[in-house]
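Data first, discussion second: the structure below is written as structure tokens.
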Amino acid sequence: MRTFAPTIVNINAIIAQLVEHWLPKPRVAGSSPVYRSKLSAEPQVELFLHMKPLAERMRPTTLDGYIGQRHLVGEGAVLRRMIDAGRVSSFILWGPPGVGKTTLAQIIANTLQTPFYTLSAVTSGVKDVRDVIEKARANRFFNQSSPILFIDEIHRFSKSQQDSLLGAVEQGVVTLIGATTENPSFEVIRPLLSRCAVYVLQPLDADDLIGLANHAITTDALLSQRKISIAETNALLRYSGGDARKLLNILELVAEAEPEGTAISITDELVTNRLQQNPLAYDKAGEQHYDIISAFIKSIRGSDPDAAIYWLARMIEGGEDPKFIARRLVISASEDIGLANPNALLLANAAFDAVQKLGWPEGRIPLAEATVYLATSPKSNSAYMAINDALGYVQQSGNLPVPLHLRNAPTKLMKQLGYSDGYKYAHDYEGHFVEQQFMPDEAVSQRFWHAQNTSQSEQRLHDRMVQLWGERFKN
């Protein structure tokens, strides 16, 4: 369990205390102690700064220095109003990494001057949660706002851990601020979710990130001593992917890779050479995995081959399992193309087989072929709708008896009972068809398959049914 002091301590105050403890204090007559202005002259202080990464050194302590999320903390926004009023209710911050969830929680505690406790869902258990709640209850004064309990990665808490929070949140013993990168609808238990508002944080846009980069190289105690200029920003933005922490880590890495005293011009080539890694954020077990496959399938369904290929490329570049992509293509061929082009299912299955035989990188080619073919094919979900409607009817009507003439009669007793009696063998009739009842008596008027005449293929199937059954298939 990790707990923090009731108030947030500014890093500058810590540095000042270290300077006062370690360094001589030259005085000017009649004045307070002053310290040498350049941190580079203070090896101990500079060492302390080097121990903290740039992202931590640049963490703001007030809303005035907070970047992004204007929909939440801009003038008149919901969190800004709560902070200005001096009271906040429990809420969960949901957003991708590096968009300011932890920083915002600390700013709120600092602004409200309320005790602030923090737990990591990765390392804390039920006992840790209860210990913090008891400490918050014991240290609270009557006229004081509820202590803030900040839980990072709250989606990693088990059900029992989340249950242990319910009473304290409902009674106001603590104000819960949770941070999560996963959808709270799936990862946070419903009783806790009903006690908390959910606020969505967005990835930082290009202007926010560029502003942060310029702010860092001009104001950070270490970077500002280097001659750093930003000549190009495309690689910085691409590799950071809306993540402020990642952007600052990239800046720090690039700066530290260059010799002291060297002027640094940050270009796309320099950033790419220093990182040598895949810039794409793609969590194969997280929400983005499902978001991108959803966009892929919907692009195929919407007959946009360019968009479908783009999302396919995103998955391939992000390291998605090729068999997962191939399975989704088989599903799409059946659900969305269906009878409008039955060859789509054959091609999707062939692509699946080819991917298993080829692997990467050549497997991308049959996947691309199947993707374009499916996206450009005519669409019909008549078979998909038919089975769904039939399942709904079966669930509603139960086990209706099979008509006797359709039952198998392998024994003498069954034949005596009328099994298979009156069945007409279709191949004995002209055109290999004879009209007879195939549905249970109670369902004889039910229709499940309704042709969608979006292609000649399905139109021919519908015309044949009208020819055989007449009025039954005309509507």
Side-chain angles (χ1 to χ4, degrees), residues 1-6 8 55-56 59 69 72 78-79 82 88-110 112 114-140 145-203 243-246 281-291:
M1 177 186 73
R2 297 181 298 166
T3 60
F4 287 78
I8 305 301
E56 190 62 32
R59 190 185 293 277
Q69 316 309 330
L72 295 178
V78 56
L79 285 181
M82 285 198 292
V88 295
S89 55
S90 295
F91 59 84
I92 293 172
L93 299 172
W94 171 29
V99 296
K101 298 185 292 295
T102 302
T103 298
L104 183 55
Q106 292 181 346
I107 287 174
I108 291 172
N110 193 41
L112 300 183
T114 187
F116 183 78
Y117 302 93
T118 183
L119 291 173
S120 170
V122 177
T123 58
S124 303
V126 173
K127 182 179 183 299
D128 300 316
V129 174
R130 289 173 177 162
D131 287 347
V132 170
I133 290 172
E134 286 306 312
K135 186 177 294 186
R137 183 181 281 115
N139 293 340
R140 183 182 177 187
S145 299
S146 298
I148 290 175
L149 172 57
F150 175 69
I151 300 180
D152 198 14
E153 306 280 351
I154 194 171
H155 61 275
R156 296 182 184 273
F157 260 7
S158 66
K159 181 180 182 299
S160 61
Q161 289 170 311
Q162 293 185 37
D163 282 339
S164 66
L165 294 165
L166 294 176
V169 172
E170 187 163 21
Q171 296 163 19
V173 175
V174 294
T175 297
L176 174 66
I177 300 179
T180 177
T181 56
E182 303 296 331
N183 191 330
S185 302
F186 304 131
E187 306 296 340
V188 178
I189 61 173
R190 190 168 299 177
L192 185 58
L193 204 57
S194 70
R195 291 163 171 81
C196 300
V198 175
Y199 300 117
V200 180
L201 281 71
Q202 304 294 342
D243 184 330
R245 185 186 300 108
K246 189 176 289 186
Y282 190 83
D283 181 3
K284 289 189 284 185
E287 185 175 356
Q288 191 174 49
H289 160 83
Y290 297 103
D291 287 345

When rounded to the nearest 0.5 angstrom, what is the spacing between CG in L104 and CG in L72? 7.5 Å

Sequence neighbours left out, what passes side-chain contact (heavy atoms from CB on, under 4.5 Å) with P184? Give chain and number order. I92, W94, T180, V188, L193, V198

Which pair of heavy atoms, one from L201 and one from G100, lies closest together, and at what distance? CD2-C, 4.0 Å

Any chance you could measure M82, atom CE, to F91, atom CZ, to the nearest 0.5 Å? 5.5 Å

Kindly write out the residues that satisfy side-chain hydrogen bond (donor to acceptor under 3.5 Å, both in side chains) with S89, not counting sequence neighbours, or none if the list is empty. none

Residues which pass salt bridge (Lys or Arg N to Asp or Glu O under 4.0 Å) with R59, listed by chain and number, not counting sequence neighbours: E56

Pairs satisfying salt bridge (Lys or Arg N to Asp or Glu O under 4.0 Å), at least one member in residues 153-166, at least two apart: E153-R156, K159-D163

The criterion is side-chain hydrogen bond (donor to acceptor under 3.5 Å, both in side chains); which residues satisfy it with Q161, sequence neighbours excluded? S158

Provide the closest heavy-atom pair for I108 versus V88 in the form atom of the first, atom of the second, distance. CG2-CG1, 4.0 Å

Measuring from atom CD1 of I107 to atom CG of L112, what distance do you get when rounded to the nearest 0.5 angstrom? 11.5 Å

Sequence neighbours left out, what passes side-chain hydrogen bond (donor to acceptor under 3.5 Å, both in side chains) with S90? Give chain and number order. none

Can you run down the salt bridge (Lys or Arg N to Asp or Glu O under 4.0 Å) pairs that involve residues 166-177, sequence neighbours left out, and say none if there aren't any? E170-R195

So how far is it from K101 NZ to I154 CD1, rounded to the nearest 0.5 Å? 12.5 Å

Could you report the tightest heavy-atom contact between R137 and V173, atom names first, then the distance? NH2-CG2, 3.5 Å

Partners of S185 by side-chain hydrogen bond (donor to acceptor under 3.5 Å, both in side chains), sequence neighbours excluded? N183

K127/D131 ion pair, N-O < 4.0 Å: yes

Closest heavy-atom contact between G98 and R245? N-NH1, 3.4 Å

How close do V129 and S164 get, heavy atom to heavy atom, and via which atoms? CG1-OG, 3.4 Å

Could you give the distance from CD1 (I151) to OG1 (T118), rounded to the nearest 0.5 Å? 8.5 Å

Work out which heavy atom in I177 is nearest to a heavy atom in A105; give both atom names and the distance. CG2-CB, 4.0 Å

CA sep, side-chain torsions, deciding dist, call: T181, H155, side-chain contact (heavy atoms from CB on, under 4.5 Å): CA-CA 8 Å; T181 56; H155 61 275; 3.6 Å; yes

Under 3.5 Å donor-acceptor, Q162 side chain and F157 backbone: yes

V132 and V174: CA distance, side-chain angles, deciding distance, side-chain contact (heavy atoms from CB on, under 4.5 Å) verdict: CA-CA 9 Å; V132 170; V174 294; 5.7 Å; no

What I'd like to find out is whether the side chain of L165 reaches to under 4.5 Å of the side chain of L149, using heavy atoms alone. yes

Check for a donor-acceptor pair, side chain of E187 on one end and backbone N or O of E182 on the other, with a separation under 3.5 Å. no

